[in-house]
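Letters go in sequence order (proteins before strands), and every chain restarts at 1.
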Amino acid sequence: MDTDERAAYVETVLRLVEAIPPGRVMSYGAVADLVGGGGPRQVGQVMARHGGGVPWWRVVRADGTLPVSHGRRAHEHYQRESTPLAGDARIDMRRARWTPHSVGGVC
DNA sequence: CTCTTGACGCCGG
DNA sequence: TCCGGCGCCAAGA
């Protein structure tokens with residue numbers, strides 16, 4: 001993969017993450033599926049390197065568990081944005097899951 | 001060119 | 001529901 005393509009991929013991922021509304025989250029796999037090209041790991045790699053300028057806390061694991069690196073910082077945001085939590089440090093994906101297509105679809 | 005690692009995901013026990 | 005194992009894709013050593 002060329003440098004330019006890498007940059008384009010990164011840009012696409014970051015743009016999608018920025019599009020996630022407050023109180024909602026997306027899984028790495030969902031992002032990877034929409035962006036295409038790579039896999040969930042690639043999305044994670046991008047977030048780790050260039051996720052500083054986007055709402056990184058709105059990207060979580062598919063099962064709702066929080067990545068270790070999110071730490072306590074993310075929890076603050078969830079509390080502030082009223083993100084649907086399940087248990088203590090887990091997100092209720094059933095309610096919090098979001099996709100650009102579901103903007104007017106979810107009931 | 002091969003081996004290891006990582007902000008992951010799914011399946012089986 | 002919790003744990004462990006295997007699969008995937010790309011980057012770095």
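- One can place CG of Asp63(A) at 10 Å from P of dC8(B), the figure rounded to the nearest angstrom.
- Comparing Arg49(A) and Arg90(A) by the nucleotide of DNA chain C that holds the closest heavy atom to each, the one mapping nearer the 5' end is Arg90(A).
- In this structure, Leu16(A) atom CG and dA7(B) atom P are separated by 20 Å, rounded to whole Å.
- dA10(C) atom P lies 18 Å from atom OH of Tyr28(A), rounded to whole Å.
- Atom CH2 in Trp57(A) sits roughly 15 Å away from atom C1' in dA7(B) (whole-Å rounding).
- At the heavy-atom level, Ala62(A) lies under 4.0 Å from the strands shown only through sugar-phosphate atoms.
- Projected onto DNA chain C by closest heavy-atom contact, Gln45(A) and Arg41(A) fall at different nucleotides, the more 5' of which corresponds to Arg41(A).
- For Trp57(A) and His75(A), the distance between ring centers is not under 6.0 angstrom.
- Distance from the side chain of Arg61(A) is smallest for dC8(B) among the nucleotides dC10(B), dC8(B), dA7(B).
- Looking at Trp56(A) and Val17(A), their side chains never come closer than 4.5 Å, going by heavy atoms from C-beta outward.
- With dA7(B), dA10(C), dC10(B) as the candidates, the nucleotide lying closest to the side chain of Ser69(A) is dA7(B).
- Across the protein-nucleic acid pair, Asp33(A) atom CG and dC8(B) atom C1' stand 14 Å apart, rounded to whole Å.
- In this structure, the CZ atom of Arg94(A) is 9 Å from the P atom of dT1(C), given to the nearest Å.
- Taking only side-chain atoms of Ser27(A), from C-beta outward, the nucleotide of dA11(C), dA7(B), dG9(B) with the closest atom is dG9(B).
- Rounded to an integer number of Å, the gap from CZ of Arg6(A) to C1' of dC9(C) is 15 Å.
- Going from atom CE of Met26(A) over to atom P of dG9(B) covers 11 Å, rounded to whole Å.
- Note that CZ of Arg58(A) is 4.0 Å distant from CD of Glu81(A), once rounded to the nearest 0.5 Å.
- Within the 4.5 Å cutoff, side-chain heavy atoms of Thr83(A) are placed close to those of Ile91(A).
- When all heavy atoms of Arg61(A) and Met93(A) are compared, the pair lying nearest together is O-CE, 4.0 Å.
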